[in-house]
Amino acid sequence: MTKINRPRGTYDLFPEELTRWQWAEQIARDAFEEYGFSEIRTPIFEPTELFSRSIGKFTDIVEKQMYTFKDKKGRSLTLRPEATASAIRAYLEKGEEQLPKRFYYLGPMFRYDRPQKGRFRQFYQIGVELFGVEHPGADCEIILLLSELFQRWKLKDFEIQLNSLGCSICKEKYSKALFDYLKGTSLCEDCEARKQKNVLRILDCKNKICRSAIEKAPKITDYLCEDCSLHFEKVKDYLHHLKIPYSLNPHLVRGLDYYTRTVFELFLPELERGIAIAAGGRYDNLIEELGGRKTPAIGFAIGVERLIANLDSSEKKKSPLYLAFLGEERILKEVMKLAQRLRRNKIPLIVNYKARSLKSQLHQADRLGSKFVLIIGPEEFEKGTVILRDMKDSSQTAVKKENLIEKIKDKI
RNA sequence: GUGAGUGUAGCUCAGCUGGUUAGAGCGCUGGACUGUGGCUCCAGUUGUCGCCGGUUCGAAUCCGGUCACUCACCCCA
């Protein structure tokens, strides 16, 4: 039979790697709870329209990266490419509750894209959403939380880039100004198209032609209305006050159309070609656009694969005990009974069932990383004892079965 | 979507410009060591040479196509 392989852009996680994932996830969960965020889990697929309406019809994500399919009744469904829209949908569907609301989530997202380093078709995001606080303190708190997380993950060397896109009026005004400014300048093919559909994205283009065209272009922060400008000043002020370093990047826009006012991205310097490892921003119009009341909101998402790839702490998994036996069936049965007793006392262990040389059993225990091995052979069987072998220093003692649990418990 | 590189044993890879039995290390199993791992030595074990087609007396090797993986562009977290 021919082997079946995993789909392109996906990967399998084995126990060795998962200990790092679990470590990182636990740190995130703890931090979120401390900041008053609670977990939310939403479906992995949603009506296609949820994403086309929120992310923006002319974004790459919606135009060419979604896993969209029809179910048996002909409904168009899409594997979620991100989670903000889902969180809002869930919040609205349950019935808008008292604000503010703080959610966090953790789970796989899906984008049909050519895989490469740090980019997968199924990838994990950890993120938070805060609904219902317009105050710039919320922006600061969200960025503080993000930076706190990276410190706890022992990645102190990050850079947070910050910008403000303003409200829809500022955005509109600036878009026009930028459009006018770019009239007559030649841009790359993609940006020529963006000019019509979404001018702001040109700021983000890495093409040399566009970069030089943009260099002297008006800055969006000069086009903010009084409220938005004040809001942005406050955010920066609070960040200073809390000593959270950031750098301003007036070219920072996001790939999703729903952002307003504060936007930010987090980079690690070691990461070549500057891909963001986490990003987020405010989306004050989105909840309304998805059918709710007008509700200010802000959030971020972290790319977990990119995060894990930068962790160096290799948390060691503790290995179970290994039960070896010598002789025939009745001794194995004795071992199985013993295993049952030990497990009931919460001692993790692995039983060897195959009657093979003690040498090979110890070899296996060594490979598995067991710190201790229990051995029962005919001799021990007769005497009602068990040999407890410490793999580290090769010392071993014969222990009466009755005392075994105690003995093991203070050793491990 | 565009471009480049790579597909040979479970893993990492060698195999020069085509030549007959396709190799090494690691791993795995066993032995030296009759009930004691990690070191050493010895033996054994493992292959549609990614797939399809072409050139040739002969293809892992050359050519075309195809698929997969990796990396970069693009995009994004």
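Order of the sequence lines fixes the chain letters, A, B, ..., with proteins taken first and strands second; residue numbering starts at 1 for each chain. Side chains included, hydrogens not; waters and symmetry mates left out as well; all remaining heavy atoms used.
Separation of the P atoms belonging to B/U36 and B/C71 is 47 Å when rounded to the nearest angstrom. Comparing B/G47 with B/C41, their P atoms are spaced 26 Å from each other, to the whole Å. On the C1' atoms, B/G58 is 33 Å away from B/C11, given to the nearest whole Å. Comparing B/G18 with B/G64, their P atoms are spaced 16 Å from each other, to the whole Å. When the C1' atom is compared between B/A72 and B/A14, the two are found 28 Å apart, to the nearest whole Å. Taking atom P on both B/C74 and B/G3, the two are 15 Å apart, rounded to the nearest angstrom. Nucleotides B/G37 and B/A68 place their P atoms 48 Å apart, quoted to the nearest Å. The gap from the C1' atom of B/C33 to that of B/G38 amounts to 15 Å, rounded to the nearest Å.
As rounded to whole Å, 11 Å separates atom P of B/U2 from atom OH of A/Y112. Atom CG in A/L266 sits roughly 17 Å away from atom P in B/C76 (whole-Å rounding). Atoms CZ (A/F110) and C1' (B/A77) sit 14 Å apart, rounded to a whole Å. Atom CZ in A/R121 sits about 11 Å away from atom C1' in B/G1, given to the nearest Å. Note: CD1 (A/I275) to P (B/C73) measures 9 Å, nearest angstrom. Rounded to an integer number of Å, the gap from A/D113 CG to B/C71 C1' is 14 Å.
Taking the six-membered ring for Trp and thresholds of 30 and 60 degrees, A/F32 and A/F300 have ring planes inclined between 30 and 60 degrees apart.
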request  = Could you check A/F120 against A/Y11 for ring-ring contact (aromatic ring centres under 6.0 Å, His included), going step by step and ending with a plain yes or no?
outcome  = CA-CA 8 Å; A/F120 303 90; A/Y11 55 89; 5.0 Å; yes
ask   = Step by step, would you call A/F103 with A/F131 a ring-ring contact (aromatic ring centres under 6.0 Å, His included)?
value = CA-CA 8 Å; A/F103 295 121; A/F131 300 158; 5.7 Å; yes
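The partner of B/A59 cannot be assigned: no Watson-Crick or G-U wobble pair with both contacts below 3.5 Å exists in any strand. Applying the Watson-Crick and G-U wobble criteria (two distances, each under 3.5 Å), B/G10 pairs with B/C26. Applying the Watson-Crick and G-U wobble criteria (two distances, each under 3.5 Å), B/U46 pairs with nothing in any strand. Pairing for B/U2 goes to B/A72, judged as Watson-Crick or G-U wobble with the two contacts each under 3.5 Å. With a 3.5 Å ceiling on both atom-pair distances, B/U36 lacks any Watson-Crick or G-U wobble partner. Using N1 to N3 plus N6-O4 or O6-N4 for Watson-Crick, or N1-O2 and O6-N3 for G-U wobble, each under 3.5 Å, B/C51 pairs with B/G65.
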Side chains of residues 329-340 of chain A: which donor-acceptor pairs under 3.5 Å do they make with residues two or more places apart or in other chains?
| residue | atom | partner | partner atom | Å |
| --- | --- | --- | --- | --- |
| A/R330 | NE | A/E328 | OE2 | 2.7 |
| A/R330 | NH2 | A/E328 | OE2 | 3.4 |
| A/E334 | OE2 | A/K401 | NZ | 2.4 |

Run the side-chain donor-acceptor check on residues 86-94 of chain A: report pairs under 3.5 Å with partners two or more places apart or on a different chain.
| residue | atom | partner | partner atom | Å |
| --- | --- | --- | --- | --- |
| A/S86 | OG | A/E46 | OE2 | 3.2 |
| A/R89 | NE | A/E93 | OE1 | 2.9 |
| A/R89 | NH1 | A/E46 | OE1 | 2.8 |
| A/R89 | NH1 | A/E46 | OE2 | 2.5 |
| A/R89 | NH2 | A/E93 | OE1 | 3.4 |
| A/K94 | NZ | A/E97 | OE2 | 2.8 |

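Residue A/R114 is classed as a base contact, given a heavy-atom separation below 4.0 Å to a base. Among the protein residues, A/F267 comes within range of no part of the nucleic acid, since none of its heavy atoms lies under 4.0 Å from any strand. Backbone-only contact: A/R201 has heavy atoms under 4.0 Å from sugar-phosphate atoms and none from a base. Within the nucleic acid shown, A/D60 comes within 4.0 Å of sugar-phosphate atoms alone, with no base atom in reach, counting heavy atoms only. Heavy atoms of A/A278 sit under 4.0 angstrom from primed sugar atoms or phosphate atoms, though from no base atom.
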request  = Using a 4.0 Å cut-off on protein heavy atoms (strictly under), produce a 5'-to-3' string for nucleotides 32-42 of chain B with B for base contact, S for backbone-only sugar-phosphate contact, and - for none.
outcome  = B--BBBB----
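In this view, A/A278 and A/L146, A/F150, A/L266, A/I302 satisfy the side chain to side chain contact (heavy atoms under 4.5 Å, CB included) rule, not counting sequence neighbours.
Sorted by first and then second residue, the ring pair (Phe, Tyr, Trp, His ring centres under 6.0 Å) pairs involving residues 363-396 of chain A (not counting sequence neighbours) form an empty list.
Aromatic pair A/F37/A/Y104: centroids not less than 6.0 angstrom apart.
Between the base of B/C75 and the side chain of A/E63 there is no donor-acceptor pair shorter than 3.5 Å. Judged by distance alone with a 3.5 Å cut-off, a donor-acceptor contact links the side chain of A/R119 to the base of B/C74.
Rounded to the nearest 0.5 angstrom, A/L388 CG and A/L404 CG are separated by 7.0 Å.
Contact between the side-chain N/O atoms of A/Q65 and the OP1/OP2 oxygens of B/C75 is not found at any separation under 4.0 Å.
Of the candidates B/G30, B/C76, B/C71, the closest approach to any side-chain atom of A/K117 belongs to B/C71.
Within residues 31-56 of chain A, no residue has any heavy atom under 4.0 Å from RNA chain B.
Electrostatic pairing of A/R282 and A/D139 counts as a salt bridge here, judged by a charged N lying under 4.0 Å from a carboxylate O. A/R119 and A/E305 are not joined by a salt bridge, as no carboxylate oxygen comes within less than 4.0 angstrom of a charged side-chain nitrogen.
In this structure, A/R111 and A/T10 both approach RNA chain B, and ranking their closest nucleotides by distance from the 5' end singles out A/T10.
The shortest distance between side-chain heavy atoms of A/Y174 and A/K219 does not fall below 4.5 Å.
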